[in-house]
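In what follows, a structure is listed as structure tokens, so that the remarks can point back to it.
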Amino acid sequence: MDTRLANTWRLTVNEKRFIETALSSGIRIDGRNPFEYRKLSIKFGREDGSSEVQLGQTHIMGFVTGQLVQPYRDRPNEGTLSIFTEFSPMADPSFETGRPSESAVELGRIVDRGLRESRAVDTESLCVLAGKLVWAIRIDLHILDNGGNLVDAANIAALASLLTFRRPECSLGGEDDLEVIVHPPEEREPLPLIIHHLPIAVTFGFFSSESLLVIDPTHHEEAVMVGKMTATLNANGDVCAIQKPGGEGVLQSVIMQCLRLASRMASDITKKIKDAVETYNTERALRKIKRHPTSITLDGSVNLKEKLNEPSGHNVVNELSRKHLEKPRLASAENASSPGNNGEGESKSSNFGRSSRRDGATSNFVGGAASWDPYSRGVDSDFLKASLASRGTLTPKKKQQDPTGERKPNESKPEESPGDVIPTTSAMDVSETGVHKGGEKTLKDAVKPKHKRKKKAFSSTADAS
Amino acid sequence: MEVDRADGRNPNQLRPLACSCSILHRAHGSASWSQGFRFIQTSHFYHFNLFVFTSKCYFCYWVGSGDTKVLAAVYGPKAGTKKNENPEKASIEVIWKPRTGQIGKPEKEYEIILKRTLQSICILTINPNTTTSVIIQVVHDDGALLPCAINAACAALVDAGIPMKHLAVAICCCSAESGYCILDPTKLEEQKMKGFAYLVFPNSILSVLPEGSSLVQGEPMEHGIITSVTHGAMSVDDYFHCLERGRAASAKLSDFLRRSLQSKLPGDLSKAE
């Protein structure tokens with residue numbers, strides 16, 4: 001008992017008083033103003049569904065995995081979503097292994113309520129075979145560094161990893177269509193989850209002086225504050241959850257002010273998350289395209305290699321055009337970007353999206369992203385039936401990216417897949433690379449970063465050796 | 001004998017190493033160690049080819065190779081020891097956190113191995129009746145996980161300032177059916193091979209004393225082996241072959257570790273205010 005007390009970190013009385021006095025003049029000890037968030041950085045790991053979020057000094061990692069299980073008896077058509085929070089002892093000397101502490105359970109419940117009970121993640125689309133097999137999505141949140149305000153950061157980590165998670169595609173087969181075949185990522189492009197809206201948690205801290213409140217408290221401020229409130233809102237202004245566990249009583253007007261502030265913060269953070277996910281998606285798609293030229297030497301790929309040597313003056317133009325192509329798809333649920341590009345981008349992407357979805361085939365990032373669009377209106381049952389029923393006869397006309405035998409090892413291991421499917425033949429590649437020439441913008445964009453990387457590599461060799 | 005590895009390396013080639021220290025704010029010491037290609041920024045990027053006696057810094061074309069990344073944090077020394085620990089010595093506590101899933105027997109085994117390894121390199125008599133906690137978080141696993149964790153733990157202990165006799169460098173060697181041995185396998189290679197061994201050596205000494213004064217029974221100290229964990233079956237000759245290759249590789253690993261830790265030192269200690 002003594003040793004545990006000796007090891008906990010406690011704030012001295014002087015520090016407490018200093019923080020409170022500074023706050024009453026509107027100064028926070030890290031220099032922010034009371035309604036300002038710390039710097040938020042969202043990074044993604046190599047695998048789909050892994051994110052690393054840093055909110056000031058708070059550092060959290062989120063991992064999403066999926067498994068095929070039997071559904072609950074009372075909900076035979078819905079998949080499940082479960083959140084596991086690990087308050088790792090590396091985050092704070094007072095966190096211990098073993099039974100989760102109160103605050104760990106509370107954090108898990110707040111994130112859970114925001115995601116599941118507000119129906120942000122569509123669970124009906126996770127059903128594979130009603131009553132028999134559904135996807136169980138598991139979110140693991142690892143708290144690495146406790147710099148205060150774990151709830152918000154954990155929520156962002158959970159959202160970021162859900163948005164980038166891809167689950168393998170399943171189709172029904174076998175005799176009387178009752179056997180479920182899980183396609184590994186080399187065979188068919190894995191699908192993203194359908195997420196209707198992004199619930200963002202915003203935490204407020206209340207202090208003993210009247211109506212003193214701060215947003216995003218650091219762990220010093222958390223040790224001083226007398227009450228806290230977490231409001232989970234989405235960018236549409238809907239309140240998904242409010243949690244005010246005890247603490248000092250607060251005036252109603254203050255609560256309303258908090259909700260107004262929270263909705264403003266929520267739209268900022270939503271935008272940041274979407275930007276980060278967008279860059280990740282483009283990078284991911286580029287990685288897939290990059291693999292082609294190295295694997296097979298065909299006429300198509302030789303041409304691609306020649307394009308590597310194109311002048312870099314095109315780069316800026318291509319960047320912008322690519323961004324415009326990406327934006328309309330993502331903006332379908334919100335305000336549209338410039339109308340001209342919007343129209344052109346959308347028609348192009350919707351064409352490819354529909355046709356590639358129908359075939360259940362993989363698609364490159366222009367067409368593919370439309371069918372991956374997580375901001376679309378929810379489950380389209382036609383699409384669902386079509387994708388479940390179809391068996392990809394990959395038509396050469398569509399832009400595809402079947403990886404060849406050389407696949408990324410870390411992408412090939414969804415836990416539940418049988419893992420014994422033969423990768424698709426390379427006969428497809430001939431036609432694909434031919435088609436790739438057709439979409440000029442995407443190809444140039446695709447090969448350009450690789451070119452840049454090669455240049456960097458050579459320059460580093462020059463420097464180092 | 002030439003062997004084709006999936007990512008194009010030759011048998012004695014390690015994956016690119018990257019090590020960063022002091023990445024966490026609350027922990028007293030922290031480090032992340034990754035073997036393999038990674039998009040995220042890291043502090044050093046070196047690539048070693050053992051059959052060429054210089055270390056060439058070229059950017060290898062890791063098309064589709066994975067990476068193993070481990071995060072280690074150290075808290076300590078904290079007061080008190082656990083019940084079954086000797087209170088006359090410092091004790092080390094290791095907590096292993098897997099990427100997903102429950103903690104099970106494999107994690108417990110890793111904890112025990114890591115604890116014994118670290119106990120043999122730390123000077124336990126300096127702070128008796130204290131506990132130093134080492135927490136390992138697996139970020140990504142693509143082969144050679146335990147060696148990566150041991151390297152990360154050593155770097156984190158240095159970052160925390162825990163007194164140690166010397167550092168440890170860990171490497172994984174596989175042996176295949178035909179007797180050849182490859183270093184630093186990926187997960188697929190580990191599964192395909194007949195057997196593999198995780199080997200931990202002391203790091204090489206940079207000393208002002210004349211050569212030969214710090215020999216132990218006629219051999220330099222870094223030839224000693226701290227830990228060896230084997231999986232699968234391999235013949236005795238194969239094992240010794242792996243040991244030799246591992247020792248050669250550990251020299252390069254020590255260099256890398258020394259270089260990356262040295263750059264973290266404060267520039268001029270005499271300029272303290």
Side-chain angles (χ1 to χ4, degrees), chain A residues 2-7 9 43-47 50 52 56-59 61 63-65 84 86 88-93 95-97 138-140 142 144-147 219 283 287 290-291 294-295 403 405-413 415 453-454 456-461 463-465, chain B residues 6-7 23-28 30 36-41 45-47 54-61 63-67 69 71-76 78-81 93 95 97-103 129-131 133-143 156 186-189:
Chain A
D2 301 326
T3 54
R4 225 175 325 137
L5 282 179
N7 290 331
W9 164 80
K43 288 191 226 134
F44 298 97
R46 249 180 161 232
E47 279 196 9
S50 72
E52 202 177 308
Q57 287 192 352
T58 302
H59 198 143
M61 276 206 294
F63 297 112
V64 176
T65 46
F84 291 86
E86 289 274 337
S88 167
M90 70 163 60
D92 197 305
F95 292 166
E96 280 163 9
T97 46
R138 180 196 162 109
I139 306 177
D140 282 280
H142 295 283
L144 300 179
D145 208 358
N146 180 10
H219 67 284
E283 202 190 281
R287 254 189 279 156
K290 259 185 256 179
R291 266 187 281 144
T294 60
S295 48
E406 194 184 323
R407 52 189 165 75
K408 280 194 285 191
N410 58 1
E411 226 186 350
S412 65
K413 296 192 272 276
E415 294 156 15
R453 216 181 67 178
K454 262 187 166 175
K456 260 192 232 159
F458 292 143
S459 62
S460 73
T461 335
D463 294 341
S465 54
Chain B
D7 45 15
I23 36 192
L24 300 177
H25 296 99
R26 297 299 296 276
H28 297 150
S30 54
F37 187 92
R38 196 72 170 159
F39 286 111
I40 301 178
Q41 77 279 5
F45 236 52
Y46 287 106
H47 196 170
T54 56
S55 73
K56 279 209 282 197
C57 305
Y58 61 92
F59 198 97
C60 188
Y61 230 61
V63 181
S65 90
D67 66 325
K69 181 166 178 190
L71 199 59
V74 171
Y75 279 99
K78 295 189 282 194
T81 48
E93 174 196 18
I95 300 167
K97 292 273 180 196
R99 195 168 176 260
T100 56
Q102 305 280 13
I103 296 190
N129 204 15
T130 59
T131 306
S133 307
V134 179
I135 301 114
I136 304 281
Q137 170 71 52
V138 177
V139 176
H140 198 255
D141 175 17
D142 191 28
T186 60
K187 204 165 196 157
L188 287 176
E189 288 172 341

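Source: prediction; values computed, not measured. All chains are named by letter (A, B, ...) in the order of the sequence lines, taking the proteins before the strands, and each is independently numbered beginning at 1.
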How far apart are the C-alpha atoms of B:R99 and A:S50, what are their side-chain angles, what is the distance that settles it, and do they pass the side chain to side chain contact (heavy atoms under 4.5 Å, CB included) test?
CA-CA 10 Å; B:R99 195 168 176 260; A:S50 72; 3.7 Å; yes
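Take A:Q57 and apply the side chain to side chain donor-acceptor pair (under 3.5 Å) test, not counting sequence neighbours, and it matches no residue. Not a single side chain to side chain donor-acceptor pair (under 3.5 Å) links B:T131 to another residue, sequence neighbours left out.
Heavy atoms of B:L24 lying under 4.5 Å from chain A belong to its backbone as well as its side chain.
Contact of the A:T97 side chain with the B:K97 side chain is registered, since non-hydrogen atoms from C-beta on lie closer than 4.5 Å.
Residues B:Y75 and A:A91 come closest through the heavy atom pair OH-C, 3.4 Å. When all heavy atoms are compared, the tightest approach of A:F63 to B:T100 is CB-CG2, 3.9 Å. Scanning all heavy atoms of the two residues, the minimum distance from A:P89 to B:I95 falls at CG-CD1, 3.7 Å.
From A:H59, atom NE2 reaches atom CG of B:L71 across 7.0 Å, with rounding to the nearest 0.5 Å. Taking CD of A:E86 as the start and CD1 of B:I103 as the end, the distance is 6.0 Å to the nearest 0.5 Å.
Ion pairing between a basic and an acidic side chain is recognised when a charged N comes within 4.0 Å of a carboxylate O; A:D145 and B:R26 show no such pairing.
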